[in-house]
Number of protein chains: 2
Amino acid sequence: MNSGISIKELAAALNLAPSTVSRALNDSYEISEATKQKVISMAEKLNYQPNPFARSLRANKSRTIAVVIPERINNFFAKVIDGIEEIAQEHGYHLLVYNTHEDVEKEKKILSLLQNGRADAIVMSVTSQTSDISHLRKIHERGLPLVFFDRICGEIPTTKFITNDYESAYKGTNHLIQQGCKKIAFLTLSKDLSITKERYRGYSDALKMANLTPEPTFSLYCKHSDEDNTELILKLLQSENRPDGIISSVEKLAISTYQAVRKTNLKIPYDLKIITFSNMSIAGILNPSLTTITQPAETIGQECAKLLIKKLTRPRQPDFLDQIIVIPSQIQIRESTMVR
Amino acid sequence: MNSGISIKELAAALNLAPSTVSRALNDSYEISEATKQKVISMAEKLNYQPNPFARSLRANKSRTIAVVIPERINNFFAKVIDGIEEIAQEHGYHLLVYNTHEDVEKEKKILSLLQNGRADAIVMSVTSQTSDISHLRKIHERGLPLVFFDRICGEIPTTKFITNDYESAYKGTNHLIQQGCKKIAFLTLSKDLSITKERYRGYSDALKMANLTPEPTFSLYCKHSDEDNTELILKLLQSENRPDGIISSVEKLAISTYQAVRKTNLKIPYDLKIITFSNMSIAGILNPSLTTITQPAETIGQECAKLLIKKLTRPRQPDFLDQIIVIPSQIQIRESTMVR
DNA sequence: CCAAAATACGAAAACGTTTGCGTAGTTTGA
DNA sequence: TCAAACTACGCAAACGTTTTCGTATTTTGG
């Protein structure tokens with residue numbers, strides 16, 4: 001309602017021109033120390049708060065970063081945002097956060113809302129359904145700084161932050177093999193996802209290296225509903241030629257696996273070993289505790305934000321390089337992949 | 001960088017005045033249908049996007065709601081935000097999200113940043129450390145619409161949304177008693193928190209009703225660090241007069257309890273039964289599965305947003321009533337409180 | 001001592017909207 | 001038929017900043 005006093009009123013209270021007050025508050029060399037002090041103390045006294053919209057209008061900058069994620073109830077994305085917020089706050093930036101709920105149409109709507117300059121930059125992780133990327137291209141060609149993390153879009157020439165998906169999947173799969181698994185299944189969400197492809201490559205290469213062949217029926221591309229996924233996995237576990245090891249590309253599919261296993265008389269890790277990409281704090285208290293590949297979520301968020309802010313605050317910074325920056329994950333071995 | 005074309009340029013392309021274009025786009029009765037059509041199609045063609053800051057400056061409204069939470073890696077808060085976002089998006093509102101990390105000083109800084117009209121309203125859950133409430137009072141007295149949820153601040157006369165904390169705690173405790181518990185402990189974060197007090201009352205009253213007395217050593221006020229909490233709980237479990245039932249006010253203390261139990265040779269639910277306030281999707285796959293009191297998080301978020309938006313979009317809406325709106329939780333009984 | 005430079009400030013424009021007011025041209029009504 | 005009302009649009013101000021330019025006063029330098 002009442003958004004406090006304006007710079008004009010503050011100027012009037014000081015018998016100065018608004019321009020002088022503005023310069024004093026922005027510590028301009030053109031203003032004497034004495035005047036600066038007077039202005040600052042009066043501003044304090046009257047609790048003057050500059051109107052951010054007037055500023056944004058004038059400067060054509062919003063000091064705001066938009067974060068677009070596919071899921072909010074997800075420790076990985078939550079941690080990434082925490083990382084972004086930390087750096088953003090240090091530099092006086094605000095965060096607009098949008099959840100696409102894994103829905104491309106929603107993603108398009110949100111990006112279209114961000115075309116008008118409401119945010120100075122966008123950091124996002126795409127939907128598992130995003131194959132048409134015209135909306136991303138549009139934003140990028142408009143010159144709005146855009147970086148991707150985790151679920152990246154390779155076709156857009158900008159900087160992307162991911163973890164070492166190939167390597168982690170390779171190592172994870174190899175770990176299963178070393179623990180004695182012969183028939184290893186791969187669980188993931190969408191075929192289109194960049195990270196899926198990389199992780200599948202890692203899984204596949206590890207199998208080949210061990211002279212095992214990846215069976216098509218062992219690659220499970222799951223849906224959105226947890227119940228459906230549990231059903232799908234259950235079917236796989238009850239099939240004649242069931243897997244004895246599982247590597248899951250997403251946390252929640254590991255959860256679904258645990259749930260499916262409960263409906264069988266299989267025992268983890270004896271009959272089935274499982275490892276998953278995850279950021280759960282409670283992986284350790286699951287029974288049996290869950291072996292995880294943990295992505296450096298906060299770090300990814302921090303790096304995204306650092307890069308963006310560098311670009312936004314320096315005068316003539318070049319565009320983002322078309323490159324992929326890799327921040328390695330860490331494998332935490334727990335009971336779910338123990339030999340005995 | 002380039003924020004597209006302005007209404008002036010659009011007007012020039014149409015040989016019209018900016019005012020006419022503005023009115024046409026806002027569907028004013030003063031503009032003929034023919035002109036409206038022309039304007040709209042040209043706006044489409046040139047991809048005209050109104051500048052939000054010019055609008056905000058002019059209207060003194062930002063179409064933005066600020067959400068302030070103490071923790072982001074928390075299913076409850078994530079779900080609440082999802083609920084808020086759903087309703088906000090329907091009405092064209094954007095969400096600025098801030099995490100206080102349970103730090104009052106950060107909370108103060110954030111609220112001070114919100115004084116300048118960047119957001120039209122605030123919906124928040126306070127820190128577990130918030131006892132000095134001058135910053136909240138300041139915002140409220142400034143006339144900025146403010147609602148609380150879950151962690152509410154009773155002293156501020158506005159509308160608050162909570163779950164039936166007293167009743168749920170009472171029922172939860174009673175459930176433990178009926179399952180045979182005699183010595184029930186209560187785990188929580190801070191004494192200052194509104195919800196802690198209510199939940200403790202429910203716990204305490206349930207004990208009294210069953211002729212049990214709440215022992216002081218059975219009320220554990222935990223810290224921020226998960227490791228410390230696990231230690232604290234472990235000590236309680238190893239004490240001579242250990243509890244045989246636990247009701248936890250916060251999800252993560254139940255997790256810590258599971259972790260502590262692992263370091264003893266106690267068995268849930270045989271030696272210790274446990275129930276917790278929680279929004280975990282995976283409570284069911286913990287071993288043993290965890291009995292929970294689930295708060296209606298999305299609904300709480302939706303209701304907060306509905307109320308705010310009603311106030312923001314109707315012309316002369318009265319101030320929020322000083323009232324507490326209760327949305328009941330649901331108790332989900334699982335193995336952790338089973339008799340056998 | 002006086003021109004030139006430096007200091008410290010003010011006036012006004014600009015950012016992109018929306019809106020109150022004014023006004024041609026047209027329609028209405030008795 | 002002609003004043004009154006209506007229609008459809010334009011002009012200009014306003015929102016609160018920042019910044020360019022201008023200028024009165026003081027300081028500097030030879």
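Bear in mind that the values here come from a model prediction, so they are computed numbers and not experimental data. Residue numbers begin at 1 in each chain, while the letters A, B, ... track the order of the sequences.
As judged by a 4.0 angstrom heavy-atom cut-off over every strand, A/I31 is placed among residues touching the sugar-phosphate backbone only. Counting any heavy atom pair closer than 4.0 Å across all strands shown, B/S56 reaches no nucleic acid atom.
Taking atom CG of A/L14 as the reference point, atom C1' of C/dA8 lies 15 Å away to the nearest angstrom. When the P atom of C/dC15 is taken as reference, atom CD1 of B/I7 falls 14 Å away, rounded to whole Å. Between the CG atom of A/L25 and the P atom of D/dT19 there is a distance of 13 Å, rounded to whole Å. Look at CG on B/L16: it is 7 Å from P on D/dC9, rounded to the nearest Å. Between the P atom of D/dA8 and the CG atom of B/D27 lies a distance of 13 Å, rounded to the nearest Å. As rounded to whole Å, 16 Å separates atom C1' of D/dG16 from atom CG of A/L46. What separates CZ of A/R118 from C1' of C/dT17 is a distance of 14 Å, to the nearest Å. Computed from coordinates, the B/L10 CG to D/dG10 P distance equals 12 Å when rounded to whole Å.
At D/dC9, one or more side-chain N or O atoms of B/T35 fall inside 4.0 Å of OP1 or OP2 (strictly under the cut-off). The side chain of A/R58 places no N or O atom within less than 4.0 Å of a non-bridging phosphate oxygen (OP1 or OP2) of D/dT19. Regarding contacts with the backbone of D/dT18, a side-chain N or O of A/S22 is found under 4.0 angstrom from either OP1 or OP2. Dashed line: the shortest gap from a side-chain N or O of A/N26 to OP1 or OP2 of D/dT18 is under 4.0 Å. A sub-4.0 Å separation between OP1 or OP2 of C/dC9 and a side-chain N or O of A/S32 is present. Not one side-chain nitrogen or oxygen of B/Y29 sits closer than 4.0 Å to the OP1 or OP2 atom of D/dC9.
Other residues, nucleotides and ligands place more than 12 heavy atoms under 6.0 Å from the NZ atom of B/K36. Counting non-hydrogen atoms of neighbouring residues, nucleotides and ligands closer than 6.0 angstrom, the NZ atom of B/K109 reaches no more than 12 such neighbours.
Set against D/dG16, C/dC9, C/dG16, the side chain of B/N51 has C/dG16 as its closest nucleotide. For A/L57, taking side-chain heavy atoms from C-beta onward, the closest of the listed nucleotides D/dC15, D/dT17, C/dC15 is C/dC15. Nearest nucleotide to the side chain of A/P50, out of C/dG10, D/dC11, D/dT17: D/dT17. Among the nucleotides C/dC9, D/dT18, C/dT19, the one closest to any side-chain atom of B/R23 is C/dT19. Minimum atom distance to the side chain of A/S19 is reached by C/dA11, of the listed C/dG16, C/dA11, C/dT19.
Side chain to side chain, A/N51 and B/N116 fail the donor-acceptor criterion of an N or O pair below 3.5 Å. In this model, no donor atom of one side chain and acceptor atom of the other lie less than 3.5 Å apart for B/T127 and B/E102. B/E107 and B/H135 form a side-chain donor-acceptor contact under 3.5 Å, judged by distance and modelled atom types alone. Side-chain atoms of B/D120 and B/S62 form a donor-acceptor pair, as typed in the model, at a separation below 3.5 Å.
Map B/K36 and B/A54 each onto its nearest nucleotide of DNA chain D; the residue landing nearer the 5' end is B/K36.
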